[in-house]
Amino acid sequence: MSAYFSIFWLWLKRDIKSRYAGSWLGLLWAILGPLLTIAMFYVLFAHIFKVRIPELANETGFLYHLLAGMLPWLAMAEGISRATGTLVAHEQFLQKQAFPISILPASNVVAALLPQLVGTLVYVILLIGAGLFHPKALLALPLLLAAQLIMTLGLAMSLAIITVHLRDLTHAVPISLQFLLYATPILYPLSMVPADYHALYAANPFACLILAYQAAFLQTPIDGLFIFGLIFWTITLGAGGYLLFRLLKPTVGEAL
């Protein structure tokens, strides 16, 4: 097991370095990319569409709502998107080397957490400056990060190994993630959605997690349905993704 984690750590560092190699700003792009995306959505939804959060009824309030959801969303979306095609992308390498293939999607998921961790630190500072920081958020944060990591790893590993057999997923997953962004209450509050449709949001694992982040950081109300949904999806996606990966792993050699 220690050898596995040693290889994982080496591959993770290689993955992060190679992703930004040759660029002038290097690792700063890991922060600048999400920052520009968040800035675009803030201008569009807070100033043009004038979306407001009932509990935070000004333009700046929407920014805190947006950050609470967008920081974990960008990390999950990047990790899943990159992991989906990672086994196919390293096809020649895997044909020549005996290598623990689970490291490839796992490193994509963990590497995508870097901007979120830095962004969360800045977010907490902003909340403190605005007088909106609640110490309870720091107690909930490790649990939410653990749930996020388990769900994302399960999805990433299952999609990576299915893509070996169904390569259309490399195109379908980014489109699906774009749809799920708008089906998750990040760019708008759940209160804008008719109550009759809230149960549908509980069927979206990303919505359950994002609502929990918003409730932790902003003390916004959250229905018990979404807490149950978060627990259910964490166990189902985490365990299910791992078991599916183990089941299909022996077929990778023939498919690559």
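On a predicted model such as this, the values are computed, not experimentally measured, just so you know.
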Taking side chain to side chain contact (heavy atoms under 4.5 Å, CB included) as the definition, give me every residue that meets it alongside Ser191, ordered by chain and number, with sequence neighbours left out. Pro54, Pro189
Rounded to the nearest 0.5 Å, what separates atom CG in Leu169 from atom OG in Ser158? 9.5 Å
Between CG of Leu149 and CG of Leu153, what distance do you get to the nearest 0.5 Å? 4.5 Å
Taking the side chain as C-beta and beyond, is there a heavy-atom pair between Leu138 and Phe133 under 4.5 Å? yes
Tell me whether Phe93 at atom CZ has more than 12 heavy atoms from other residues, nucleotides or ligands lying less than 6.0 Å away. yes
Is there side-chain contact between Leu141 and Leu145, with heavy atoms separated by less than 4.5 Å? yes
Without placing hydrogens or testing angles, list every side-chain donor-acceptor pair under 3.5 Å for residues 206-226, not counting sequence neighbours.
from, atom 1, to, atom 2, distance (Å)
Tyr213, OH, Gln116, NE2, 3.4
Tyr213, OH, Gln148, OE1, 2.7
Gln214, NE2, Pro185, O, 2.8
Gln219, NE2, Ala215, O, 3.4
Gln219, NE2, Ala216, O, 3.1
Thr220, OG1, Gln214, O, 3.3
Asp223, OD1, Leu225, N, 2.8

According to side chain to side chain contact (heavy atoms under 4.5 Å, CB included), who are the partners of Ala183, at least two apart in sequence or on a separate chain? Phe179, Asn204
Distance check, rounded to the nearest 0.5 Å: Ile162 atom CD1 versus Leu87 atom CG? 11.5 Å
Could you tell me whether the side chain of Leu113 reaches within less than 4.5 Å of the side chain of Thr152, counting heavy atoms only? no
Report the residues that fulfil ring pair (Phe, Tyr, Trp, His ring centres under 6.0 Å) with Phe5, sequence neighbours left out, ordered by chain and then residue number. none
For a quick test of your reading: what N or O donor-acceptor pairs under 3.5 Å do the side chains of residues 68-77 make, sequence neighbours left out?
none

Single-linkage hydrophobic cluster Phe99~Ile161, side-chain heavy atoms < 4.5 angstrom: yes
Quick one: pull up CE in Met40 and CG in Leu35 and give me the separation to the nearest 0.5 Å. 12.0 Å
Find out whether Leu159 and Val173 are in side-chain contact, i.e. whether some heavy atom of one side chain is under 4.5 Å from a heavy atom of the other. yes
To the nearest 0.5 Å, what is the distance between CG (Leu10) and CG (Asp15)? 12.5 Å
Could you check whether Tyr42 and His47 have their ring centres less than 6.0 Å apart? yes
I'd like to check the side chain to side chain contact (heavy atoms under 4.5 Å, CB included) partners of Ala130; sequence neighbours left out, ordered by chain and number. Tyr64, Leu132
Run the side-chain contact (heavy atoms from CB on, under 4.5 Å) test on Phe62 and Leu56 for me, step by step, so that the C-alpha distance in whole Å, both residues' side-chain angles and the decisive distance to 0.1 Å come before the verdict. CA-CA 7 Å; Phe62 177 78; Leu56 305 165; over 6 Å; no
If Ile, Leu, Val, Met, Phe, Trp and Tyr residues are connected whenever their side-chain heavy atoms lie under 4.5 Å apart, and connections chain through other members, are Leu166 and Val164 in the same group? yes
Assess whether side-chain contact (heavy atoms from CB on, under 4.5 Å) is satisfied between His90 and Thr86, documenting all intermediate values. CA-CA 6 Å; His90 292 88; Thr86 191; 3.6 Å; yes
Mind checking the OG1-CG spacing from Thr184 to Leu190? Nearest 0.5 Å is all I need. 10.5 Å
Would you indicate whether the side-chain heavy atoms of His65 and Ile186 approach each other to under 4.5 Å? no
Quick one: side chain to side chain donor-acceptor pair (under 3.5 Å) partners of Arg14, sequence neighbours excluded? none
Taking side chain to side chain donor-acceptor pair (under 3.5 Å) as the test, write out the residues that go with His165, two or more places apart. Thr251
Please collect all side chain to side chain donor-acceptor pair (under 3.5 Å) contacts where either partner lies in residues 226-247, sequence neighbours excluded, each pair once. Tyr242-Arg246
Restricting to side chain to side chain contact (heavy atoms under 4.5 Å, CB included), what partner residues turn up for Ser102, sequence neighbours left out? Tyr4, Met157, Phe245
In chain order, what residues pass the side chain to side chain donor-acceptor pair (under 3.5 Å) check against Tyr201, with sequence neighbours excluded? Tyr188
Under 4.5 Å between side-chain heavy atoms, hopping through other hydrophobics if needed: is there a path connecting Leu117 to Tyr123? yes
Using the ring pair (Phe, Tyr, Trp, His ring centres under 6.0 Å) criterion, which residues pair with Phe45? Sequence neighbours excluded. Phe49
Using a 4.5 Å cut-off on heavy atoms from C-beta on, say whether the side chain of Leu94 contacts that of Leu104. yes
Following the transitive rule for hydrophobic clusters with a side-chain heavy-atom cut-off under 4.5 Å over Ile, Leu, Val, Met, Phe, Trp and Tyr, establish whether Leu187 and Tyr197 coincide in one cluster. yes
Cluster overlap Ile80 with Ile150, hydrophobic side-chain contacts below 4.5 Å: no
Dump the intermediate steps for side-chain contact (heavy atoms from CB on, under 4.5 Å) on Val122 and Leu67, then the final yes or no. CA-CA 10 Å; Val122 175; Leu67 286 170; over 6 Å; no
Hey, is the main chain of Gly85 close enough, under 3.5 Å, to the side chain of Thr163 for a donor-acceptor pair? no
